[in-house]
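Every chain is numbered from 1 and lettered A, B, ... according to where its sequence line falls, protein lines coming before strand lines.
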Number of protein chains: 2
Amino acid sequence: MSATLQDVATLAGVSIKTVSNVVRGYQHVRPSTRARVQAAIDELGYVPHSIARRLATGTTGMVAFALPAIETPYFAELAALVSTEIGGFDYRLLIEQTSGSLDDERAVLRGREQGLIDGLIFQPTELDADAIEQFRGSTPLVLLGEIPPPPTVDHVMVDNIAAARAATFHLLHSGRTRIAFLGYAAAAGHATASLRAEGYLSALEDCGAHRSDDLLIPMQRFGAFAAEAAVIDAIETGVSFDGLVCFDDLAGIGAMKALARAGRVVPDDVGVVGWDDILMSNFTNPGLTTVRPDKPTLTRTAFRMLRERMDGAGGPGRHETVGFDLVVRGSTAS
Amino acid sequence: MSATLQDVATLAGVSIKTVSNVVRGYQHVRPSTRARVQAAIDELGYVPHSIARRLATGTTGMVAFALPAIETPYFAELAALVSTEIGGFDYRLLIEQTSGSLDDERAVLRGREQGLIDGLIFQPTELDADAIEQFRGSTPLVLLGEIPPPPTVDHVMVDNIAAARAATFHLLHSGRTRIAFLGYAAAAGHATASLRAEGYLSALEDCGAHRSDDLLIPMQRFGAFAAEAAVIDAIETGVSFDGLVCFDDLAGIGAMKALARAGRVVPDDVGVVGWDDILMSNFTNPGLTTVRPDKPTLTRTAFRMLRERMDGAGGPGRHETVGFDLVVRGSTAS
DNA sequence: TTGTACGCGTTATCAC
DNA sequence: GTGATAACGCGTACAA
């Protein structure tokens, strides 16, 4: 099998403590000793056994990112950023998919096993503040997304209401008068969808624009297929709109397909705004105007807060908001 | 801190061995004892400490998936499948991004630390058979993708030449005569790109179709942006083609954008075929015809082979091929 | 069926 | 500066 500290120590004629000191870069080791030990390490091809180290230190060097689904482009992009970010600090990334299921979210929060991870970055969709408070274990935790966080937990978010207002104003200011919202109450009590709808409604109100329940287009599930079906349905039932604020880019992309099939021209007949600025929004035809959350800052902030907690920082939950842009593309050209 | 086996044992008035037996579902435990122990477990909220267990057993319950970039839709979809698949066997997923860098691929293969993972599923892009042979450690390994694998390593792939031929024939049979290939030698010696180009060329030859170096459109990098730039460039330099076989769907999507900007109509002027059948290929306008590898079988096969190795199976490397479909959509309608 | 005692590979606390 | 030795929490012969 692989060489151990003891093997190296025997070969170098020192104690394992000295080998350990060399391996871990401890300063006060006589150069000649260090050289002898290093030679033994090289000869045996010794590699530290991380599990043993971790049992001894109580840390694992692993950070989990719990998200609904890794194949969702927005989360995949986030995961890539998190992976890169934490890699710079020698942490490794464990991916936990919750599928937006209550049970999985609970399991993730409780930590199926102790000692597996040093910290958790978690984007909940189902659990509310009380449940998070109740189920969370003792591992450092940072929440992502738009749920109202429990007062004890760190949290990073984008101002969804402000962003939804910006998206809606953008459509209104290009002269559109009947703006719909796609993705209303996609899941009962879905915090993100509710906030975005709220921002949308408040923008309509501020401008005195037309509001009606018709214009709140529900989606049965998330994703492009569900969005396409929802928009087809809305058109068939006679809902009339010339602007569409979508829950996310996938919804926007599904909506644009539905509109094309219905013979509605984007942006001439309908202006469409998405959310997330996933890569594909650059490549729809026309390009999809979208709310772009500052993803790099989002992940960097989350990991910074997590690191502070992992380093033992106490205190009440902190709450940070990161910015967004409205990226204007062809789907709302006027 | 958290409760340990010893805490539970003390509370239940038994030895830690008995508690361990209960926790691990050992059969021969007296029901009354089991009940008492279970009560203690519940009362203390005992959760096994995975690191300690793993130090004792020598296994980690973790499988790593090493891929170039998690935000690439194809890999994200694969990762989702792997995560679900291994979750059914109580393994957890560690994501390793290699960014297609030689150093990172080596590091992944060598395993930066011993004992962290039980097995590795690895999609190399840079390393060749010799290097893999040389750098691989002792952890069970299954390779994904199109590199010619070293004889000792398990490997799952799609028949890229056959699939590229099918894609090319599809365009030829709809009456197109000048078929180009996008993504040629995107990286020098890139195995996947080479195989696909090879299949493309052999199909042209079989049909006696026009072949020329012009029609091999190179890409500087992978991805939709690079593809868009490459196609714009090809059009500007006067390359004439009425069909386009793309390295992957991202390339196809980028190509369609470039064609639209150049005023070329898909599929009337140019038929486009992609590769991977990522979700977005359903939502381009028109939909993107694509080679769909059987991703569920791919990941299931890979993990089955890996499990067999983790269970101690020896023997030479096995080699499995999974199927593909050609999914015909609007981009090649005739 | 259950208990005792040792080993897994490392780190950390003391002595020396 | 370096060496014994006790944790870390759990699995497992072996014994009872």
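Atom-to-atom, CD of B:Gln6 to P of D:dG9 comes out at 11 Å; the value is rounded to the nearest Å. Counting to the nearest Å, the C1' atom of D:dC10 and the CG atom of B:Asp7 are 13 Å from each other. One can place CG of B:Leu55 at 14 Å from P of D:dC8, the figure rounded to the nearest angstrom. Per the geometry, CG belonging to B:Leu44 stands 14 Å off P belonging to D:dG9, to the nearest Å.
Among the atoms of the strands shown, base atoms are found under 4.0 Å from some heavy atom of A:Leu5. The residue B:Arg54 sits apart from the nucleic acid: no heavy atom pair falls under 4.0 Å.
Under the salt bridge (Lys or Arg N to Asp or Glu O under 4.0 Å) criterion, B:Glu308 pairs with B:Arg304, B:Arg318, sequence neighbours left out. In this structure A:Ser101 satisfies the side-chain hydrogen bond (donor to acceptor under 3.5 Å, both in side chains) test with no other residue, sequence neighbours excluded. Residues that satisfy the side-chain hydrogen bond (donor to acceptor under 3.5 Å, both in side chains) test with B:Glu85, not counting sequence neighbours, are absent from this structure. With sequence neighbours excluded, no residue satisfies salt bridge (Lys or Arg N to Asp or Glu O under 4.0 Å) with B:Asp42. B:Thr84 pairs by the side-chain hydrogen bond (donor to acceptor under 3.5 Å, both in side chains) definition with nothing, not counting sequence neighbours. Evaluation of the side-chain hydrogen bond (donor to acceptor under 3.5 Å, both in side chains) rule for B:Ser83 yields A:Gln97 as partners, not counting sequence neighbours.
Under the ring pair (Phe, Tyr, Trp, His ring centres under 6.0 Å) criterion, the residue pairs touching residues 59-113 of chain A are A:Phe89-A:Phe303, A:Tyr91-A:Phe303, with sequence neighbours excluded. Pairs engaging residues 19-37 of chain B under the side chain to side chain donor-acceptor pair (under 3.5 Å) rule: B:Lys17-B:Asn21 [sequence neighbours left out]. Screening residues 137-152 of chain A for salt bridge (Lys or Arg N to Asp or Glu O under 4.0 Å) gives no qualifying pairs among residues at least two apart or on separate chains.
Direction change of the helix axis from one end of the helix from C:dT1-D:dA16 to C:dC16-D:dG1 to the other is 40°, with five pairs defining each end axis (rounded to 10°).
The neighbour count for B:Arg106 CZ, taken as heavy atoms of other residues, nucleotides or ligands under 6.0 Å away, is above 12.
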Where do N or O atoms of nucleotides 2-5 of chain D meet protein N or O atoms at under 3.5 Å, pair by pair?
{"residue": "D:dT2", "atom": "OP1", "partner": "A:Thr33", "partner atom": "OG1", "Å": "2.3"}
{"residue": "D:dT2", "atom": "OP2", "partner": "A:Arg30", "partner atom": "N", "Å": "2.9"}
{"residue": "D:dG3", "atom": "OP2", "partner": "A:Ser15", "partner atom": "N", "Å": "2.9"}
{"residue": "D:dG3", "atom": "OP2", "partner": "A:Ser15", "partner atom": "OG", "Å": "3.2"}
{"residue": "D:dG3", "atom": "OP2", "partner": "A:Thr18", "partner atom": "OG1", "Å": "2.4"}

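At the phosphate of D:dG11, neither OP1 nor OP2 sits under 4.0 Å from any side-chain N or O atom of B:Thr57.
The outermost nucleotides of DNA chain C lying under 4.0 Å from heavy atoms of chain B, listed 5' to 3', are C:dT1 to C:dG9.
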